[in-house]
Each structure stands twice: as C-alpha cells, then as structure tokens.
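Notes follow once the structure below has been shown.
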Amino acid sequence: MIKWTKPSFIIMFVFLIVFATACSSGGNENIKEPDPNPGQQTDTGKEQGEAPPGEETDPYLGKYDPPIEVTSVRIINDTFKFPEGQTIENNLWSQAIEEKLGIKIKYDWVVSGDQPGGQGEQKMNVSIASGDLPEFTPVNAKQLQQLQEAGELMDLTDVYEKHASPFLKQVLTQDGPDALASATFDGKLMAIPNTGSSMDSAAMIWIRKDWLDKLNIPEPTTMQDILAISEAFTTQDPDENGKADTYGIAMNKDLYGGFADITGFMNAHHAYPKHWIKADDGSLVYGSIQPEMKAGLAVLQDLYKKGQIDKEFGVKDTGKEAELTASGKIGISFGTMSNPLWPLVDTKKNNDSAEWQSYAVGSIDGAPTKLQVGFSTGQYFVVKKDSKHPEALLKMVNLFVETGWGETTTAENYATYFTSGGFERFKFAPFQAWPARKNLDIHLNIAKALETGDASGLNPEETDNLAKVKGHLDGVNNDALEWAYAQVFGPTGSFKVINQYVNDGQLLMPGFYGAPTETMIDKDSNLQKREVETFTKIIMGDPIDNFDKFVEDWKKLGGDQITKEVNDWAVNR
C-alpha cells in the first residue's frame with residue numbers, strides 16, 4: 001500500500017519511514033467489517049496467569065474477560081480522515097481491539113499537529129513535566145530519555161519476552177538490532193519501538209531512459225558514466241526543441257531531502273553528509289566535515305559552472321525543482337525508491353513517451369559504494385511504571401502486525417483495516433510496528449509471481465500491488481500511476497536496486513541513533529543552517545577552501561562538544 005502526499009521535506013521524510021502503507025484497494029464503504037482473527041484466541045479465558053487450572057490461554061492475542069480499560073493519548077494530523085460515524089476515539093481499530101482483545105482505550109487527550117515542535121510535541125512535553133501521564137504513551141527519543149531518567153517507566157524486558165509474538169519479534173528486528181537497542185537502557189527494555197525501514201531511504205539514481213536511447217548512450221555502471229551522461233543531457237538537446245534549455249542533474253536549495261538532493265551524489269564520493277560514521281580509530285565523526293565532502297563539493301561546483309545544474313536551484317525548494325523535472329527539463333536525479341510516485345509520475349503525465357529508470361549508485365573511483373540510510377524509528381510506546389496490564393500494549397501491537405502481514409490475514413481484512421474506500425485506516429490503530437523488509441518483499445514476490453505465473457502465495461498487499469504492476473506491463477490502460485507502481489515494485493523497479501544494496505552489504509546505518517544530546521538541542525540547528533548555506537555558496541562558485549573554514553567554525557561553535565557527547569553515548573549505550 002502506498003501513502004504519498006506532495007511535497008515538503010517533512011512529509012517526504014515521514015513517507016520514507018512508512019512508505020507503501022496506503023495503496024487503495026477500492027473497497028466499498030458499506031463493506032461488512034470482517035473478523036481479523038489474527039491468531040487463536042480464547043475469548044472466555046482470563047489473562048495468562050489467571051486462567052483456571054488446565055485452561056490454555058494465548059499470551060499474544062488472548063482476550064481479557066472481563067474487559068480492561070487502559071489510558072493513552074493521541075497526536076494526529078490533518079490527513080486523518082474517518083468514515084462516517086467514526087472518530088479517533090471510536091473507529092474500526094478501537095472496536096477490533098475491544099472485540100478481539102477485551103481492551104477498551106480511553107484517551108486523556110487528542111491533539112492535532114505531529115510535526116517536530118508542533119502542538120502534539122508541546123502538549124506531550126507539558127504532560128511529561130507535570131507527571132500527568134496515561135498508562136501507555138507514544139513518545140519521541142528525547143521524551144523517552146527524559147521519562148527513563150525520571151524513573152517514570154516500567155521495565156518491559158520480561159513483558160516483551162513473554163507477550164511479544166514471534167512474528168512481532170521478527171518485525172522489530174528486521175532492520176537490525178538498533179531499534180530495540182535504542183529503547184534499551186542499562187540492559188533493560190524500556191519501550192516498544194514503532195519500527196520502519198531504513199533500506200527504503202537509500203539513495204539511487206533516476207535517469208531519463210528515453211533520453212539515453214535517443215542519444216545512443218549505454219546504461220551507466222560507474223559515477224564517471226553519470227558525469228558523462230549529465231554533460232550529454234545538457235549539451236546534446238535530448239528534448240529536441242533546438243534550445244539549450246535542459247540540465248543534467250536536479251538539485252534543491254535545501255541540499256538534503258528525498259528528491260533532488262545531494263546525498264547519493266556524495267555517497268558516490270565516499271562522503272556521508274549529516275551522518276555519524278566510524279573513523280579508522282573506531283570513534284564516531286560527523287560525515288559533513290570530512291575531506292571527502294570537500295572533494296564532492298568541488299565536482300558539484302564544476303557541474304554548476306558548466307550549466308549542468310539549474311542555475312536557480314539555490315532558490316528552488318523540492319516542489320519547484322520537481323516542477324522543472326516534470327516539465328521535461330532535467331534528465332538525472334539522485335533520490336530514493338519512491339520518486340516515481342512523486343514527482344516523476346508527473347513527467348509521465350505530461351509526456352507519455354518519457355521513461356525514468358533507476359540505477360545503483362556507483363563510486364567515483366570504482367571502490368565499493370556505501371549508501372547511507374537513516375534510523376527508521378522515530379516513535380516509541382512506553383508504559384507507566386504502575387500500569388496493571390503492561391502486556392496489553394504488546395497484545396495491541398501483535399494485533400496490528402498480524403492483521404497487516406501475519407499468516408492469518410486475508411485480502412478482505414487487509415482492505416478493511418489498512419486501506420479502502422479512500423481512507424488510510426491503518427492510521428486509526430494507536431500502537432503500531434512496520435516490517436522493514438515489507439516493500440522489498442513485495443518486489444521480490446511480485447517478480448517471482450510474474451516469472452512463474454503463480455500468485456497464490458502472495459499476501460493481500462502484494463496481490464494489490466501485483467495488479468497495478470501487471471496492469472502497466474500488460475498495457476491494459478495508459479495509467480501513469482500504474483507506471484509508477486511498476487517502476488517501484490516491478491521486476492526492474494527501484495527495489496531491484498535496493499535488493500542489490502542489501503545483498504551486497506552496501507547500506508550504511510548511522511553510528512548515532514540516540515536522543516539529541518544537550519549541545520545538539522542548543523547548537524545543532526544553527527550548525528545545520530551554516531552547513532547548507534556554506535555548501536550552497538561553494539557549489540555556486542565560492543572558493544572551495546571555504547569548506548575548511550566551515551569545518552573550523554563547526555568545531556568551535558559546538559561541533560566538538562557534540563562529537564564528545566556522541567562518543568560518550570556510544571561508549572555507554
């Protein structure tokens with residue numbers, strides 16, 4: 001399922017964490033709500049430990065009888081839309097949780113505004129400061145640390161071992177050990193992470209394949225090939241309008257983001273902007289101040305000087321650069337697997353003969369490339385230390401993952417509880433976790449089904465996406481969105497590149513994934529602003545040695561202290 005909304009850096013970032021979680025199944029809004037039946041449940045049994053002698057109960061999805069009530073809070077946003085008669089307090093997910101698990105959820109408060117520093121975060125900070133917390137609370141990394149240090153949280157180590165289903169344990173570790181590690185303090189698990197996918201954020205190269213074919217240029221295998229293609233797209237009139245009005249490489253004024261950013265370009269030069277990486281001595285260092293960044297900036301400066309980068313990129317945000325790309329004036333973009341869904345699909349809508357193809361990022365010197373990926377867990381669920389039923393949290397997360405991707409889910413269930421009738425129903429569930437390999441597995445299983453002709457083993461989400469991909473491949477209709485799905489999940493889609501990265505061990509996780517340090521909170525905003533301003537000016541022609549002055553200032557203005565705090569965290573985690 002695909003969730004996509006246009007453009008802002010924040011929305012794009014959120015999309016990369018939960019990508020493909022909302023592709024509509026086109027269900028009838030009057031559909032009867034099916035029984036999710038996620039696992040064998042004992043509706044009349046007590047919670048484990050309270051059952052009569054000899055009665056078997058399910059520690060993962062067993063129903064409380066009599067029902068229990070738990071308290072929580074919700075932070076939502078303007079994209080929450082409900083079928084008639086449903087609300088955040090009373091909807092199909094709250095009903096399923098009560099009917100299947102015997103858990104009634106009461107919200108102490110509901111606030112709209114989930115952006116960083118928004119109304120939700122502010123309200124949560126007030127609740128934390130006053131000690132007025134519900135039993136189960138969604139928090140960010142900094143809030144988790146504050147509550148842990150204040151001694152407000154319950155140790156969930158034993159509860160997790162006993163009540164997290166085997167499938168949930170698999171989901172929470174698909175992206176590696178860091179998600180659970182980030183919720184662990186002094187060997188104790190103090191929260192359940194709402195996991196996402198790091199691999200989905202890996203950079204790749206998108207190229208106008210129709211332009212390659214028109215100019216008789218072979219597909220690229222190295223970064224040197226990309227630079228040659230950029231020159232050809234700028235100088236050889238690939239749109240055949242007789243004007244010098246095309247550019248090789250897309251870039252946006254913020255430099256970093258899901259579309260038209262410089263991250264993949266820098267990774268090709270073994271540079272890792274805004275990423276904490278291990279130095280040769282094992283310490284953590286900030287990637288943006290390493291010598292490799294200077295080398296990459298020098299190449300971008302040369303491309304800009306030669307007219308291969310839009311001269312006005314410095315004042316164009318992601319949306320504006322996307323408009324230029326969609327109009328057919330740019331042939332290369334360093335981006336992510338999701339770019340066909342936006343904005344490249346708009347190129348296809350404007351020009352049906354336009355074709356974009358994804359390629360792996362090769363290095364500038366032939367050495368293996370590492371592609372930096374973000375830490376995919378941004379939310380945690382904590383339990384107040386005096387909660388009577390901490391295991392209820394695990395049961396609700398078990399229900400979510402089982403309904404979405406477990407062995408007992410069905411196509412009807414999936415449509416009803418995740419997306420149908422134009423509603424992103426998965427958002428209604430208060431406690432979630434997402435499989436990191438979900439989208440990669442969709443691609444692999446679709447490719448296998450297309451090869452063998454056997455789609456019987458696909459889960460509901462895979463079946464839905466197969467229909468879209470096959471619709472494009474079979475040429476049933478001229479649908480740009482089906483083209484976009486095929487460019488993501490199809491046999492030659494962007495997840496073919498992701499699969500290569502995964503199999504070859506090319507993904508580089510961040511070395512630091514803790515809560516913002518004290519100096520980060522105070523100084524990092526200014527340091528990041530300086531970074532973007534300095535790098536932009538260098539690309540547009542300032543002396544390349546200004547990079548050295550930036551590094552010197554970065555260290556003096558808080559960078560050295562941040563580096564110390566990051567390494568202290570690494571030693572003590």
Side-chain touch [X]/[Y], heavy atoms, less than 4.5 angstrom:
X    : Y    : result
P430 : I97  : yes
M154 : M190 : no
I103 : M396 : yes
L168 : S165 : yes
S288 : Y256 : yes
P138 : V73  : yes
V383 : E135 : no
S197 : W434 : no

- Query: Can you list the residues that meet the side chain to side chain contact (heavy atoms under 4.5 Å, CB included) rule with D504, with sequence neighbours excluded?
  - Reply: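 Side chain to side chain contact (heavy atoms under 4.5 Å, CB included) list for D504, sorted by chain: Q500, Q506.
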Under a 4.0 Å N-O cut-off, is there an ion pair linking [X] with [Y]?
X    : Y    : result
K438 : E461 : yes
D568 : K564 : yes
D464 : K468 : yes
E99  : K63  : no

- Item | Given N445, N465, I442, the one that forms side-chain contact (heavy atoms from CB on, under 4.5 Å) with L458 |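 Answer after filtering N445, N465, I442: N445.
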Hey, do the aromatic rings of [X] and [Y] have their centres closer than 6.0 Å?
X    : Y    : answer
F431 : W93  : no
F167 : Y60  : no
F400 : F418 : yes
W569 : W276 : no
Y286 : H275 : no

- Task: Using distance alone, with no hydrogens and no angle criterion, decide if S94 and E89 have a side-chain donor and acceptor under 3.5 Å apart.
- Result: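 No, no side-chain donor-acceptor pair sits under 3.5 Å.
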- Message: Does either side chain, that of Q86 or that of N91, offer a donor lying less than 3.5 Å from an acceptor on the other one?
- Response: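 No pair is found: no donor N or O on one side chain lies under 3.5 Å from an acceptor on the other.
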- Message: For the residue pair K81 and F423, would you count it as a cation-pi contact if the rule is NZ or CZ under 6.0 angstrom from the ring centre and within 45 degrees of the ring axis?
- Response: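 Geometry flag: not set, cation outside 6.0 Å or 45°.
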- Task: Can you see which heavy atom on M199 is nearest to which on L507, and at what distance?
- Result: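 Between these two residues, the closest heavy atoms are CB-CD1, 3.6 Å.
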Within 6.0 angstrom of [X] [atom1], more than 12 heavy atoms from elsewhere:
X    : atom1 : value
K169 : NZ    : yes
D78  : CG    : no
D386 : CG    : yes

- Message: Any side-chain to backbone donor/acceptor pair from T419 onto A415? Under 3.5 Å, distance only.
- Response: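 No: the side chain of T419 does not pair with the backbone of A415.
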